[in-house]
There are 2 protein chains.
Amino acid sequence: MATLKDVARLAGVSVKTVSNVVNGYSFVKPDNRRRVEEALEATGYRPNLGARNLRRGRTGFIALVLPELSIPYFAELAGLVIAAAQDHEWNVLIEQTFGTLAGERSALASLGPHLVDAAILSPEALQVDDFQLPVPAVLLGEHAVDVPISRVGIDNVAAAQAAVRHLVSLGHQRIAAIGAHPHRGTAALRLEGYRRALAEASLPLVDELVVPALNYHRADGAAAMRSLLDLRTPPDAVFCFNDLLAIGAMRAAGERFVRVPQDLAVVGFDNNEESVYSSPSLTSVAPDKAAIAQAAVDLLHRRVESGDALENVETPFSLQVRESTVAR
Amino acid sequence: MATLKDVARLAGVSVKTVSNVVNGYSFVKPDNRRRVEEALEATGYRPNLGARNLRRGRTGFIALVLPELSIPYFAELAGLVIAAAQDHEWNVLIEQTFGTLAGERSALASLGPHLVDAAILSPEALQVDDFQLPVPAVLLGEHAVDVPISRVGIDNVAAAQAAVRHLVSLGHQRIAAIGAHPHRGTAALRLEGYRRALAEASLPLVDELVVPALNYHRADGAAAMRSLLDLRTPPDAVFCFNDLLAIGAMRAAGERFVRVPQDLAVVGFDNNEESVYSSPSLTSVAPDKAAIAQAAVDLLHRRVESGDALENVETPFSLQVRESTVAR
DNA sequence: CATCGTTGTTCCAACGTTGTAAAGACTGAG
DNA sequence: CTCAGTCTTTACAACGTTGGAACAACGATG
């Protein structure tokens with residue numbers, strides 16, 4: 001692998017002049033510039049990022065800490081973050097926490113200024129004390145706890161409210177919610193949106209229709225749906241806090257010969273690609289994932305470059321209405 | 001951020017002694033060791049990986065080059081590769097190519113010994129000339145072209161054959177295949193498995209039943225299925241070269257009121273989690289993804305450590321029979 | 001022609017780490 | 001009490017890069 005020294009020797013100039021050319025710096029005589037460029041070409045020089053970053057005090061990496069890549073939402077988001085990071089010449093390091101406190105703590109511990117310049121976090125279990133981060137960070141989703149860190153995400157209350165309003169507007173009366181969770185900020189907000197939508201329609205909030213889900217996997221949605229169908233009076237509609245729960249719920253409904261959407265309307269959240277092709281296709285709240293990824297990366301870049309203050313960026317969402325919801 | 005120097009000063013020893021303690025090296029007096037360890041603890045020292053790797057001539061990273069994280073198969077695989085890489089203290093850098101030649105070339109160009117120690121590649125369009133890699137690499141899937149690089153993957157011919165045999169054993173006679181592709185080695189092998197299974201059952205190979213797919217997304221599967229259903233005599237079963245195609249195919253069948261599995265049996269390939277919860281759930285060839293990830297990382301580690309020769313690792317697969325296939 | 005400012009180049013040091021070689025401390029044998 | 005041998009620590013250099021100071025060359029100015 002060619003180094004600056006090799007290029008310099010070949011071009012007959014000093015190492016620093018080559019460095020200057022490489023970095024587009026200052027004043028270099030056209031003649032020298034040409035010779036250096038030829039030498040660069042000839043040697044196929046590529047800067048050693050480790051050395052450069054050691055010198056510059058940067059690493060060229062950002063961390064993306066998320067529960068699990070096998071969850072479609074995070075996989076899609078990761079892809080978008082990688083793409084957005086390229087604009088700032090950042091490489092992305094992905095850490096999986098599997099949604100556990102231990103996993104999140106160990107991911108955070110491995111972070112540090114020597115490894116990454118900044119971090120994007122999607123925590124699910126972290127406590128206040130954990131947020132002593134050694135690098136600038138931005139939270140995706142919600143502050144589970146009140147902590148001074150930048151955040152990017154949608155208005156979860158409004159989004160959930162929109163989803164449930166949609167069900168209300170179709171004439172549903174007994175609307176269940178799947179995905180309540182004791183420690184997740186996001187869950188609390190979506191539940192609040194659900195509450196508000198019911199309240200404004202003067203529908204009662206029925207405890208037995210609010211079902212918790214510990215993980216947000218398909219299996220959890222199926223289990224929750226089964227428990228709802230076991231009720232004396234099952235719901236006529238269900239709002240799931242993510243698409244995987246909804247997919248699981250639809251599956252469980254199918255197994256009990258409950259037809260979606262005729263007997264049961266289903267709304268999801270995240271708008272996974274999977275939900276467009278499920279049978280029936282799934283009505284879902286669609287956060288603008290590209291906007292989230294872009295905003296998070298840009299925000300961190302500003303923080304690192306100019307030490308900007310904390311920010312709270314709200315990204316848009318929409319409701320994608322599909323086959324899983326029809327009027328009664 | 002504390003450096004070796006800080007720790008050394010605090011412990012009252014030289015930098016090198018601290019380095020020796022950190023690396024578990026040679027002989028250090030118990031007394032000094034203790035003092036150093038206390039100082040390490042007190043300062044919260046973490047090695048600067050950039051500097052260490054600069055010195056060691058390693059980077060501590062491997063690249064994972066794949067088409068797209070939003071494809072569930074690759075997302076799952078990426079998660080497993082990250083987990084496997086941790087065992088060797090490797091961080092994983094993910095590059096997306098979006099299945100284009102340009103994307104793959106640019107990903108490869110960005111690779112280099114200064115950035116990564118090794119690379120795991122899932123190419124779809126690369127040509128022979130492109131495989132002048134500057135670091136040890138392993139191919140997942142197939143050699144699209146004949147090229148001297150290690151490979152990890154399943155026996156695609158046998159796997160496809162098993163899938164189609166399953167359809168044959170259920171009494172299907174007109175079995176279509178979706179996913180033929182002019183440049184993908186994997187597609188050619190799965191097609192060969194399809195051919196062999198038909199041949200051994202003395203079923204004719206009908207050209208119009210072999211449908212190409214340019215990408216392997218759900219939309220391509222749906223489009224291919226529509227063209228099959230437009231045939232004068234549509235198939236009674238279809239073997240899709242991945243699960244996304246199968247999901248799309250089932251969706252298209254549903255839209256035409258063709259019932260799966262009664263009117264049409266469907267088999268997929270990859271065994272995505274999505275396929276367990278689709279309605280109907282999808283019979284699918286299940287490669288052992290964890291084994292693939294582990295084998296790929298281990299192989300690279302051996303290559304880097306001891307310069308081992310090329311290898312060709314075959315990982316196991318199984319056929320997961322679900323609702324999408326029943327006897328005629 | 002001395003001075004000055006501008007432009008262009010080089011030298012040196014430093015980022016934090018570790019391999020090498022050499023120096024220092026200690027042990028036991030003669 | 002010396003010497004060899006072993007154990008332990010240290011100084012130094014180097015990995016490839018870049019910021020800053022120093023230096024050189026140049027034309028323009030007084």
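Only a predicted model underlies this, so the values are computations on that prediction, with no experimental measurement involved. The analysis underlying the following values was restricted to heavy atoms, covering all of them including side chains, and did not include hydrogens, waters or symmetry mates. Chain naming here is simple, since letters A, B, ... match the order of the sequence lines and numbering starts at 1 in each.
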Measure the distance from [atom1] on [X] to [atom2] on [N] and round it to the nearest whole Å.
X        : N       : atom1 : atom2 : result
Phe27(A) : dC23(D) : CZ    : P     : 21 Å
Lys16(A) : dA21(D) : NZ    : P     : 12 Å
Asp31(A) : dG8(C)  : CG    : P     : 12 Å
Asn20(B) : dA11(D) : CG    : C1'   : 13 Å

Looking only at the side chains, is there a donor atom on one of Asn53(A) and Arg58(A) sitting less than 3.5 Å from an acceptor on the other?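 Asn53(A) vs Arg58(A): no donor-acceptor pair found between side chains.
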Restricting to salt bridge (charged side-chain N to carboxylate O under 4.0 Å, His left out), what partner residues turn up for Arg56(A), sequence neighbours left out?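 Once residues adjacent in sequence are excluded, Arg56(A) has no partner under the salt bridge (charged side-chain N to carboxylate O under 4.0 Å, His left out) criterion.
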Taking salt bridge (Lys or Arg N to Asp or Glu O under 4.0 Å) as the cut-off, I'd like each qualifying pair that reaches into residues 80-95 of chain B, sequence neighbours left out, listed once.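 Found none.
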Please list all pairs meeting ring-ring contact (aromatic ring centres under 6.0 Å, His included) that have one or both residues in residues 28-51 of chain B, counting only residues at least two apart or in different chains.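 Those involving residues 28-51 of chain B do not exist here.
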Please list each protein N or O that sits under 3.5 Å from an N or O in nucleotides 15-17 of chain C, with the distance.
residue : atom : partner  : partner atom : Å
dC15(C) : O2   : Arg55(A) : N            : 3.4
dG16(C) : N2   : Ala51(B) : O            : 3.4
dT17(C) : OP1  : Tyr45(B) : OH           : 2.3
dT17(C) : OP1  : Asn48(B) : N            : 3.1
dT17(C) : OP2  : Leu4(B)  : N            : 2.7

Which donor-acceptor pairs under 3.5 Å do the side chains of residues 5-14 of chain B make with protein atoms, sequence neighbours left out?
residue  : atom : partner  : partner atom : Å
Asp6(B)  : OD2  : Thr3(B)  : N            : 2.8
Asp6(B)  : OD2  : Thr3(B)  : OG1          : 3.4
Ser14(B) : OG   : Lys16(B) : N            : 3.4
Ser14(B) : OG   : Thr17(B) : N            : 3.3
Ser14(B) : OG   : Thr17(B) : OG1          : 3.3

Looking at Thr17(B), does any N or O in its side chain come under 4.0 Å of the phosphate oxygens OP1/OP2 on dT10(D)?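 Thr17(B) to dT10(D) OP1/OP2: side-chain N or O found under 4.0 Å.
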With heavy atoms under 4.0 Å as the rule, sort Lys29(B) into base, sugar-phosphate or nothing.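 Sugar-phosphate contact only - Lys29(B) comes under 4.0 Å of backbone atoms but never of a base.
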Which pairs, with at least one residue in residues 76-85 of chain B and sequence neighbours excluded, count as a side chain to side chain donor-acceptor pair (under 3.5 Å)?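 For residues 76-85 of chain B, and leaving out neighbouring residues, the side chain to side chain donor-acceptor pair (under 3.5 Å) pairs sorted by first residue read Glu76(B)-Lys289(B).
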